Number of protein chains: 2
Amino acid sequence: MTIKDIARLCGVSVSTVSRVINDRPDVSPAVRAAVLETVRSCNYIPNNSARVLVRSNSDAVGLVVRGVSNPFYSDIIKVIGREIDAAGYTMVMQQINSSADEIGTGAIMEREKKLRGIVFLGGRSDYTAEELRPITVPFVCCSYDNSFGVLPRDRLSSVSIDDGQTAYRAVSELCALGHRRIAALVAGTDDRSISELRYHGYLRALKDHGIEPEEALVACAGSFSMEDAYRATRLLASGGAEFTAMFIIADAMAIAAIKALEDTGREVPRDCSVIAVDGLALSQYTRPTLTTMCQPSERMGEESVRILLDMIEGRAGNRSLVLEPLLRSGGSVAPPRRARD
Amino acid sequence: MTIKDIARLCGVSVSTVSRVINDRPDVSPAVRAAVLETVRSCNYIPNNSARVLVRSNSDAVGLVVRGVSNPFYSDIIKVIGREIDAAGYTMVMQQINSSADEIGTGAIMEREKKLRGIVFLGGRSDYTAEELRPITVPFVCCSYDNSFGVLPRDRLSSVSIDDGQTAYRAVSELCALGHRRIAALVAGTDDRSISELRYHGYLRALKDHGIEPEEALVACAGSFSMEDAYRATRLLASGGAEFTAMFIIADAMAIAAIKALEDTGREVPRDCSVIAVDGLALSQYTRPTLTTMCQPSERMGEESVRILLDMIEGRAGNRSLVLEPLLRSGGSVAPPRRARD
DNA sequence: AACGTTATCGGCAACGTTCCCGGTAACGTT
DNA sequence: AACGTTACCGGGAACGTTGCCGATAACGTT
């Protein structure tokens with residue numbers, strides 16, 4: 001069933017069928033109706049490959065996500081997928097694990113010819129402009145805070161929260177309650193990832209409240225996984241370090257950390273308050289419920305593809321959006337108990 | 001940069017270049033090397049659309065998933081994506097919400113021309129053979145238990161656990177501890193979904209243990225979401241019904257249900273044991289940890305694409321796999337307290 | 001020496017579209 | 001009546017591949 005068949009069936013030329021299919025003018029209402037009718041009755045579907053070939057552009061937009069294990073991304077993927085579909089595009093998803101050059105070069109570059117645009121989700125924050133060069137289609141970084149300005153701001157589209165500021169607010173919350181010995185659980189401190197941005201916010205908040213950061217109070221899980229978070233927290237908790245609160249860079253990690261705390265004899269929030277950032281739906285159902293900075297994931301997904309499509313379809317250029325997180329108070333934060341010493 | 005350019009650059013014909021690109025014989029080692037070299041140095045990538053057009057088959061396999069909110073699917077999506085990539089195919093993901101005909105017809109049918117195969121994740125269990133007819137490419141249903149035999153077994157590939165039997169085992173576990181009044185939380189009872197399969201296992205287990213099922217003890221959430229699960233459980237718990245244990249068809253729902261139970265004054269497992277099925281990594285970190293029937297999600301994902309690719313590449317025909325779940329004991333189950341009356 | 005074989009290679013049609021360009025008929029306009 | 005305009009339509013090249021078929025040269029084989 002090709003356009004040629006339809007043409008023959010209607011007694012018109014291929015060109016005419018093409019015109020009605022693509023909703024172009026210069027075709028009489030009668031013919032248009034007739035063609036439409038046979039198209040429907042034969043339920044003919046234009047061959048996408050042929051279309052792409054001749055127009056040299058497709059309807060595919062890529063979603064490359066790093067670290068699918070992070071449940072926060074599941075939420076975002078969901079809305080990104082929904083929005084891409086709604087706009088009539090096709091989403092092709094690609095997961096990457098770690099090696100960052102996969103992004104700039106191989107995996108994507110290979111597909112590039114087919115893609116109209118790309119949304120990056122959860123990549124590290126230190127793409128260099130150089131790495132990004134091979135990408136010639138529009139792209140937007142979702143959940144990517146360009147605060148460090150590593151990327152020239154006029155060449156990057158992104159939507160995110162201000163990770164540093166968000167962490168700052170969270171930690172300040174703890175300080176306001178009187179906490180002075182505040183531990184942190186991060187995924188890593190050596191790259192310019194979301195983890196480090198939030199870590200810096202933590203440091204800044206401590207300093208602004210006159211607290212000297214202590215090396216011994218920051219646990220590094222090495223990844224965003226619950227398993228690693230549990231292990232790292234356990235290590236911290238059994239290390240003899242004294243702290244009355246913890247700042248944790250992600251909800252999922254916080255949930256694991258809370259278990260680690262309790263497994264080592266500390267009750268949350270009585271013995272240790274916990275505040276996190278992400279705002280998973282899930283963390284309203286744990287015990288205790290999590291006090292956390294909610295990222296507007298719905299909005300982040302929507303805006304990401306809106307911006308991307310604006311670029312793809314030439315309606316607008318680069319744009320970056322910094323969204324405001326919202327503190328959701330749960331049961332994991334309380335004032336510190338009176339110091340024992 | 002087309003195949004023609006490469007040909008010109010090498011001083012050979014287009015055919016020859018095509019031959020070396022596709023790793024076909026009938027080309028001298030010298031020429032092959034030369035072509036390969038220029039291909040690399042120009043980093044030429046064959047135009048996929050043209051390929052697909054002429055060969056009339058692509059490298060895309062579809063993943064259509066219903067209910068992305070279910071965190072169990074996140075795990076599976078992850079491994080499915082990984083495996084599809086590894087095999088050199090491209091994954092295009094499509095979410096659907098509810099209306100089942102989207103599956104059989106529209107969304108897929110539209111894309112069909114491009115897809116080599118499809119893996120369905122989380123669709124309802126009552127596709128009719130009729131609905132499936134329009135799908136002409138190989139497909140496999142992941143996490144789909146065809147126990148009801150609604151589909152002719154020789155026309156369907158699937159990989160799943162035996163949902164009924166799994167629920168049966170879970171509930172039997174409760175019975176063995178002495179529980180007699182066992183409530184159930186399901187997503188729905190009216191369709192032939194996973195929810196109903198598990199629900200039937202629950203009923204069967206009760207009967208086999210001489211317990212008369214009670215309408216009043218089954219709560220229907222209406223979906224797999226935590227929100228609905230919480231609401232339904234709360235309703236059940238505040239309804240005056242007496243029960244010492246709950247069987248819940250999904251981990252995520254169980255987590256929400258536990259909160260509902262505790263919010264209405266019942267402690268888990270002291271006042272009410274909870275057993276679920278899924279086996280999310282997450283549920284090892286909640287408090288209490290969840291006793292649950294673990295689905296081998298890793299294996300399910302792997303086998304799904306293995307089966308699919310076997311069909312696509314003509315290595316094998318339909319195949320169905322029923323995997324064995326594993327009971328993971330957590331802290332949410334205990335013997336019933338002595339009856340009060 | 002004539003012939004079959006084999007190893008290499010190029011030509012060319014085809015895949016299903018889109019889109020430019022040119023053509024025809026019908027209809028004013030002067 | 002000759003001309004320009006408009007509305008509609010078809011022809012055909014092009015998009016970048018693949019794969020069939022035929023061509024050539026080199027090499028045995030009888």
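The chains referred to below are lettered A, B, ... by the order of the sequence lines, with proteins before strands, and numbering in each begins at 1. All of these numbers come straight from a predicted model, not from anything done at the bench. Just so it is clear, the values below take in all heavy atoms, side chains as well, and ignore hydrogens, waters and symmetry mates.
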(message) What I want to check is whether the side chains of A/Ser49 and B/Ser49 have a donor and an acceptor closer together than 3.5 Å.
(response) no
(message) Test of understanding: with side chain to side chain contact (heavy atoms under 4.5 Å, CB included), list the residues that count as partners of B/Ser160, not counting sequence neighbours.
(response) B/Asp145
(message) Distance check needed: D/dG16 P versus B/Ile21 CD1, whole Å only.
(response) 13 Å
(message) Let me spell it out: for each of B/Val31 and B/Leu53, pick the nucleotide of DNA chain C with the closest heavy atom. Which residue's pick is nearer the 5' end?
(response) B/Val31
(request) Using the test side chain to side chain contact (heavy atoms under 4.5 Å, CB included), find all partners of A/Ala33 that sit at least two apart in sequence or belong to another chain. (result) none
(message) Taking donor-acceptor contacts at under 3.5 Å, does the side chain of B/Ser49 reach the base of D/dG16?
(response) no
(request) Identify whether any heavy atom of B/Arg32 sits under 4.0 Å from a base atom; if not, whether one sits that close to sugar-phosphate; answer base, sugar-phosphate or nothing. (result) nothing
(message) Let me confirm one number: the CD1-OG distance from A/Ile77 to B/Ser74, rounded to the nearest 0.5 Å.
(response) 7.5 Å
(message) Just to verify, what does B/Ala34 make a side chain to side chain contact (heavy atoms under 4.5 Å, CB included) with, not counting sequence neighbours?
(response) none
(request) Report the distance from atom CZ of B/Arg51 to atom C1' of D/dT18, rounded to the nearest whole Å. (result) 9 Å
(request) Report yes if a side-chain nitrogen or oxygen of A/Thr16 is closer than 4.0 Å to either non-bridging phosphate oxygen (OP1 or OP2) of D/dG10; otherwise report no. (result) yes
(message) Can you see whether A/Ser15 engages A/Ser18 through a side-chain donor-acceptor pair at a distance of less than 3.5 angstrom?
(response) no
(message) Going by salt bridge (Lys or Arg N to Asp or Glu O under 4.0 Å), name the pairs with one or both residues in residues 307-318 of chain B, residues two or more places apart or in two chains.
(response) B/Asp310-B/Arg315, B/Asp310-B/Arg319, B/Glu313-B/Arg315
(message) Based on the rotation axes of five pairs at each end, what angle does the helix from C/dA1-D/dT30 to C/dT30-D/dA1 bend through, to 10°?
(response) 60°
(request) In sequence, state the C-alpha distance, the side-chain angles, and the governing distance for A/Ile118 and A/Val61, and then conclude on side chain to side chain contact (heavy atoms under 4.5 Å, CB included). (result) CA-CA 6 Å; A/Ile118 305 174; A/Val61 340; over 6 Å; no
What donor-acceptor contacts under 3.5 angstrom involve side-chain atoms of residues 3-11 of chain A, with partners at least two apart or in another chain?
from, atom 1, to, atom 2, distance (Å)
A/Asp5, OD1, A/Arg8, NH2, 2.5
A/Asp5, OD2, A/Thr2, N, 2.8

(message) Using only modelled atom types and a 3.5 angstrom limit, is any donor from either the side chain of B/Ser15 or the base of D/dG19 paired with an acceptor on the other?
(response) yes
(request) Please state how far atom OH in B/Tyr44 lies from atom P in D/dG16, giving the value in whole angstrom units. (result) 10 Å
(request) Mind checking salt bridge (charged side-chain N to carboxylate O under 4.0 Å, His left out) for A/Arg51 and listing every partner two or more places apart, or none if nothing turns up? (result) none
(request) Grab the CD1-C1' distance between A/Ile3 and D/dC15 for me, whole Å please. (result) 15 Å
(request) For the residue pair B/Thr38 and B/Ser41, confirm or rule out a side-chain donor-acceptor distance under 3.5 Å. (result) no
(request) Return the value, rounded to whole Å, for the distance between atom CG of A/Asn48 and atom C1' of D/dC15. (result) 14 Å
(message) Which residues pass the side chain to side chain contact (heavy atoms under 4.5 Å, CB included) test with A/Glu83, not counting sequence neighbours?
(response) A/Val79, A/Glu302, A/Val305
(message) Per the salt bridge (Lys or Arg N to Asp or Glu O under 4.0 Å) rule, what does the pair list look like for residues 15-31 of chain B, sequence neighbours excluded?
(response) B/Asp23-B/Arg32
(request) Return the value, rounded to whole Å, for the distance between atom CZ of A/Arg55 and atom C1' of D/dG16. (result) 16 Å
(message) I'd like the 5' and 3' limits of the part of DNA chain C contacted by chain B, with heavy-atom contacts below 4.0 Å.
(response) C/dT8 to C/dG16
(request) Taking the side chain as every heavy atom from C-beta outward, state whether B/Val65 and B/Leu63 have any pair of such atoms under 4.5 Å apart. (result) yes
(request) Using atom CG of B/Asn57 as one end and atom C1' of D/dT17 as the other, report the distance to the nearest whole Å. (result) 13 Å
(message) With the threshold set at under 4.0 Å for non-hydrogen atoms, list the residues of residues 4-14 of chain B touching DNA chain D in residue-number order.
(response) B/Val14
Could you list all N or O pairs between the protein and nucleotides 21-26 of chain D that sit under 3.5 Å apart?
none

